[in-house]
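Quick notes on the structure that follows.
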Amino acid sequence: MRLKDKVCAITGAGSGIGEAAARRFAAEGAHVLVLEIDAQRGRRVSEAIGDAATFIPTDVADPDAVAETFGRIEREFGRLDGLYNNASVFLGDEDAGVGELDLDVYHRIVSCNQHSVVYCCRFALPLLQRRGGTIVNTASSAALIGIPGSDAYTASKGATLALTRSLAVAYGPKGVRANCVAPAAISTPMIRESNLNDPSFDEQAFLAKTPVRRWGLPEDVANVALFLTSDESSYVNGAIVVADGGVTITPMF
Ligand SMILES: NC(=O)c1ccc[n+]([C@@H]2O[C@H](COP(=O)([O-])OP(=O)(O)OC[C@H]3O[C@@H](n4cnc5c(N)ncnc54)[C@H](O)[C@@H]3O)[C@@H](O)[C@H]2O)c1
């Protein structure tokens, strides 16, 4: 029970990695707050977990909604021990290189992926500082290597990674650790959008060059977030943990 009696909020917990983390955190003793924009998904995950979860419908790209959610957390739970900023969109059909990028699309992606991290941290920090807490942010291989054609997503993930470091320096002395997980090639609905739906993507060739020779599982990333949220990582602050089976350090082509 590595998160016994802790209250942890996970954004985008209705699917993929967030769902795996919600189940894993609850199994380790946490009460999990499922912050999800899609009510059907959020309710499904919360009900599957049972008493150890509460679904709080939240659009993390909307600062007023985020303020309301953390106000509710304070009123109903009076504490917050972990914040896992996991929600994002990829929008593979709409994102593009900066030369072609529709600026409305750019703003939508950056609002959901990057501004949301600022909003959630801002409203969670007063609660997290009360007893000492943790923030886990989510970057991507796109923050580490050059991947053309999705520049809004890339910019949002690079900013999230950089923000993690400044959070770690600023709030470490106040008892809050901030770390970042950088996944790639994890088998979730998002990987369909980012790779598998692309007719030019050769899955067999990709897996043949991936050092561990398989797609990652949502649980592979959830376990990293669990470690970074638990007291086992009490001296880990400002770290970027890459969870990608070695994809980003391999010359692919
Ligand atoms: N799957 C991968 O290979 C991969 C690679 C790199 C990074 N990531 C990152 O990991 C995280 C999880 O990705 P995933 O693959 O599980 O994605 P996913 O699409 O399966 O799940 C994302 C969840 O976030 C929710 N969401 C979207 N916008 C929201 C909003 N405004 N407010 C609240 N919830 C919102 C969605 O409804 C969905 O349930 C994301 O930050 C993603 O960028 C994933």
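Whatever order the structure lists them in is the order used to number ligands and atoms, beginning at 1. Numbering of residues begins at 1 and proceeds along the displayed sequence. As a basis for the values below, the full set of heavy atoms in this structure was taken, side chains included, without hydrogen atoms, waters or symmetry mates.
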Quiz item: If only atom types and distance count, is the side chain of R131 paired as donor or acceptor with the main-chain N or O of L128 below 3.5 Å?
Solution: no
Practice problem: Could you tell me which atoms of ligand 1, counted from 1 in the order shown, lie closer than 4.0 angstrom to a heavy atom of G16? | Solution: 16 (O), 20 (O)
Self-check item: Geometric N/O contact I17 with ligand 1, under 3.5 angstrom
Solution: yes
Quiz item: Does the distance from a Lys or Arg side-chain N to an Asp or Glu carboxylate O, for E74 and R130, drop under 4.0 Å?
Solution: yes
Exercise. For D59, counting its heavy atoms only, list the atoms of ligand 1 lying under 4.0 Å from any of them.
Key: 30 (C), 31 (N), 32 (N)
Practice problem: For T58 and ligand 1, answer yes if some heavy atom of the residue is under 4.0 Å from a ligand atom, otherwise no. | Solution: yes
Exercise. May I ask you to check if ligand 1 and R41 share an N or O to N or O distance below 3.5 Å?
Key: yes
Quiz item: N/O to N/O below 3.5 Å, does that happen between G18 and ligand 1?
Solution: no
Quiz item: N/O of N86 under 3.5 Å from N/O of ligand 1, yes or no?
Solution: yes
Quiz item: When you check the gap from the basic side-chain N to the acidic O, do D95 and R108 get nearer than 4.0 Å?
Solution: no
Quiz item: Is it true that K6 and D231 have a side-chain N and a carboxylate O under 4.0 angstrom from each other?
Solution: yes
Self-check item: Contact atoms of ligand 1, heavy-atom distance to T138 under 4.0 Å
Solution: 9 (C), 10 (O), 11 (C), 41 (O)
Exercise. Please answer: with hydrophobic residues joined when any side-chain heavy atoms are less than 4.5 Å apart, are L144 and F206 in the same cluster?
Key: no
Exercise. Please determine which of R41, R24, R44 meets the side-chain hydrogen bond (donor to acceptor under 3.5 Å, both in side chains) test together with E19.
Key: R44
Quiz item: Taking NZ, NE, NH1 and NH2 as the nitrogens, is one of them in E28 or K4 under 4.0 Å from a carboxylate oxygen of the other?
Solution: no
Quiz item: Does V242 belong to the same Ile/Leu/Val/Met/Phe/Trp/Tyr cluster as V181, with side-chain heavy atoms less than 4.5 Å apart forming each link?
Solution: no
Exercise. Using a 4.0 Å heavy-atom threshold (strictly under), name the region of P183 that reaches ligand 1: side chain, backbone, both or neither.
Key: both
Quiz item: Does ligand 1 have any atom sitting under 4.0 Å from a heavy atom of Y153?
Solution: yes
Quiz item: Near R214 CZ, under 6.0 Å, is it more than 12 heavy atoms from other residues, nucleotides or ligands?
Solution: yes
Self-check item: Minimum non-hydrogen distance to atom 2 (C) of ligand 1, winning option of I186, N137, L35, V247
Solution: I186
Quiz prompt | Any E19 heavy atom less than 4.0 Å to ligand 1 | solution = no
Quiz prompt | Atoms of ligand 1, numbered as shown, that sit under 4.0 Å from any heavy atom of A139 | solution = 7 (C)
Self-check item: Short N or O distance, V60 and ligand 1, threshold 3.5 Å exclusive
Solution: yes
Self-check item: Top protein contact for atom 20 (O) of ligand 1, by heavy-atom distance
Solution: S15 OG, 2.7 Å
Quiz prompt | Under 4.0 Å to a heavy atom of A185 - the qualifying atoms of ligand 1, by number | solution = 3 (O)
Quiz item: Got the closest protein heavy atom to atom 14 (P) of ligand 1, with its distance?
Solution: T188 OG1, 3.6 Å
Quiz prompt | Atom indices of ligand 1, in the order listed, that fall short of 4.0 Å to a heavy atom of C112 | solution = 28 (N), 29 (C), 31 (N)
Quiz item: Within the side chain of N179, is there an N or O that forms a donor-acceptor pair under 3.5 Å with the backbone of G238?
Solution: yes
Exercise. State whether E47 and R43 are salt-bridged, where the test is any N-O pair (Lys NZ or Arg NE/NH1/NH2 against Asp/Glu carboxylate O) under 4.0 Å.
Key: no
Quiz item: For ligand 1, which atoms have a heavy atom of I191 less than 4.0 angstrom away?
Solution: 3 (O)
Quiz prompt | Option nearest atom 25 (C) of ligand 1 (shortest heavy-atom distance, choices M190, E36, R192) | solution = E36
Quiz prompt | Residue, atom name and distance, where the atom is the protein heavy atom closest to atom 29 (C) of ligand 1 | solution = I37 CG2, 3.6 Å
Practice problem: Please determine if R72 and E68 form a salt bridge, counting it only when a charged side-chain N lies under 4.0 Å from a carboxylate O. | Solution: no
Quiz item: Do other residues, nucleotides or ligands put more than 12 heavy atoms under 6.0 Å from F90 CZ?
Solution: yes
